Amino acid sequence: MNISFASLQMNRDLHFSASIYGFGAGLFFVSYAACEVPSNLLLYRVGARRWFARIMFTWGTAGDGMMFVKTPVQFYVMRVPVRNGGRRASSRVSSSILGSGSPAYAGACHQPLLHRLSISTVLMGAIAGLLLGLQGAAGLAGWQWLFLIEGLPAIVLSIVLLVYLPSGPEEAKWLTDEERQWILHHVLPSGPVDGHSKNIGRALLDRRVWQISLVFLCMLGTSYAYTFSAPAIVQGLTGLSIRNVGFLVAMMNLLGAPAMILNAMHSDRTKERYLHVAIPFLLITGGYLIAGLSVAPFVVVPALAMASISYFALQGPLLAVAISFLHGKSAAAGIATMNTVGILGGFFGPLGMGLAKDFTGSYQRGFAHADRPQRRCGYYIS
């Protein structure tokens, strides 16, 4: 998300059009899709500790390297390793939790991770606005400071993970023997379900995997189309300073945290998944449709906040649908397939939004079409 804030200055300094920015913002999802399945399977082979450490180091160094970008080609090239590092980190954690979780508590088990991701998004928005204010310090642009400082924690964390992160509950020193045995017995998969634990190929051919993949494709396409342009959209509507735009976008994401927790908890309590996913999709549809039809800040900003909150709310129940029929290595392959297909939406979404901006002069046309994939998501999941 830091690239969306950096674009407020970077696009101006480097003379990038909305189409150039949208293409670069989406291009790296193609490399992610190509590496998703083998990377998920390598996680099981080399272990979480070494794999997460490698990912974080790649993420940090590539992120810092973005500060040296000068041309569109350099921008395109540098976004590939950033995506291969950064996005795969969250995907690997998702696969680890979903692949070893209990279906009955899937929403609650995955919810703490998603909650922390939403909080990190809030902090990122607030900090990005402050870092962009360093414009001119030490001869660097504000967007260069943003890439430099936000890449360093990932490098430090890679060392921490390599030293302290256990590869599994067997190596977790903070667990008692009783706790360790409970996790191994109740959380880790104990046997085949629907035959998928024995045959990864069958998991990849399961129509449910491809149905959810299509949902991911529509959801992530519209989500990234908005996310990568959110600061520019909000600033254009409100005329706020970069710092205040950062805080406003952060507040929108902050409101998504309680929605995520409550929707996941209610879904687990009622043992119902589909309405807990379909209703948020319909709310996202309404939010984007309003944003595409109005230019009044007091109308569009609440509509975008509603869409953002609904996006966070549906994550737990949606990911819980996958664990209900995928387990063990089949879960790694199945979830990787869903991510691979879905993440391609991250290429088409920002590109489409950039083209709409360049051809029409505003983001309204992009929003006018962004509600359609969300309606399809609600239909497919229900």
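The structure displayed is predicted, hence computed values, not measured ones.
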Approximate separation, where rounding is to 0.5 Å, of Met260 CE and Ile309 CD1: 11.5 Å
Pairwise distance OG1(Thr285) to CE(Met306) - rounded to 0.5 angstrom: 9.0 Å
Identified side chain to side chain contact (heavy atoms under 4.5 Å, CB included) partner of Leu14 from the options Tyr21, Phe75, Trp143: Trp143
Intermediate values then yes/no, side chain to side chain contact (heavy atoms under 4.5 Å, CB included), Ser310 and Phe281: CA-CA 7 Å; Ser310 301; Phe281 271 131; over 6 Å; no
Heavy-atom side-chain contact between Leu162 and Ser158 under 4.5 Å: no
Gln74 side chain vs Lys70 backbone, donor-acceptor pair below 3.5 Å: yes
Short side-chain donor-acceptor distance under 3.5 Å, Ser241 and Asn244: yes
hydrophobic_cluster_shared for Met338 and Tyr274, side chain cutoff 4.5 Å: yes
Nearest atoms (heavy-atom pairs only) where Ala6 meets Phe147: CB-CZ, 3.7 Å
Leu134 side chain near Leu140 side chain, heavy-atom distance below 4.5 Å: no
Distance in Å, Asp64 CG paired with Met67 CE, rounded so as to fall on 0.5 Å steps: 7.5 Å
Geometric cation-pi criterion Arg54 and Trp51, 6.0 Å radius, 45° cone: yes
Smallest separation among heavy atoms of Phe228 and Ser4, with atom names: O-CB, 3.5 Å
Nearest heavy-atom neighbours spanning Val341 and Leu217: O-CD1, 3.3 Å
Sidechain-backbone polar pair: Gln9 side chain, Leu132 backbone, donor-acceptor under 3.5 Å: yes
Trace of the salt bridge (charged side-chain N to carboxylate O under 4.0 Å, His left out) decision for Arg273 with Asp268: CA-CA 8 Å; Arg273 304 299 185 194; Asp268 283 344; 2.7 Å; yes
Full working for side chain to side chain contact (heavy atoms under 4.5 Å, CB included) between Leu314 and His276: CA-CA 7 Å; Leu314 66 84; His276 288 80; over 6 Å; no
Heavy-atom check, side chain of Leu304 versus side chain of Ile233, under 4.5 Å: yes
Val234-Ile290 co-clustered via ILVMFWY side chain contacts under 4.5 Å: no
Residue pairs involving residues 292-309 (criterion side chain to side chain donor-acceptor pair (under 3.5 Å); sequence neighbours excluded): Asn253-Ser308
ILVMFWY cluster, Ile242 and Ile149 together (side-chain gap under 4.5 Å): yes
Trace of the side chain to side chain contact (heavy atoms under 4.5 Å, CB included) decision for Leu131 with Glu150: CA-CA 9 Å; Leu131 293 178; Glu150 290 198 349; 3.9 Å; yes
Backbone of Gly142 reached by a side-chain donor or acceptor of Gln135 within 3.5 Å: yes
Atom pair CG (Leu275) and OG (Ser267), whose distance is rounded to the nearest 0.5 Å: 9.5 Å
4.5 Å side-chain heavy-atom contact, Ser19 and Phe359: no
Minimum side-chain heavy-atom gap Thr176-Glu179 below 4.5 Å: yes
Heavy atoms of other groups near Arg243 CZ, more than 12 under 6.0 Å: no
Nearest-0.5 Å distance that lies between atom CD1 in Ile284 and atom SG in Cys218: 11.5 Å
Val301 reachable from Leu240 in the ILVMFWY side-chain graph, under 4.5 Å edges: yes
Any Ile159 side-chain heavy atom under 4.5 Å of Phe57 side chain: no
Single-linkage hydrophobic cluster Val295~Leu293, side-chain heavy atoms < 4.5 angstrom: no
Interatomic distance, Asp13 atom CG to Leu8 atom CG [nearest 0.5 angstrom]: 11.0 Å
Heavy-atom pair with the smallest gap, counting every atom of Pro72 and Ile20: CB-CG2, 3.9 Å
Note, Trp59 side chain near Ile155 side chain (heavy atom, < 4.5 Å): no
Ring centre gap for Phe29 and Phe348 strictly below 6.0 Å: no
Residue pair Ile3 / Arg79: nearest heavy atoms and the distance that separates them: CG2-NH2, 3.7 Å
Taking every non-hydrogen atom, the tightest pair across Leu165 and Arg49: O-CD, 2.7 Å
Side chains of Phe5 and Val249 in contact at under 4.5 Å (non-hydrogen atoms): yes
Working for side chain to side chain contact (heavy atoms under 4.5 Å, CB included), residues Phe216 and Leu318: CA-CA 9 Å; Phe216 279 17; Leu318 177 58; 3.4 Å; yes
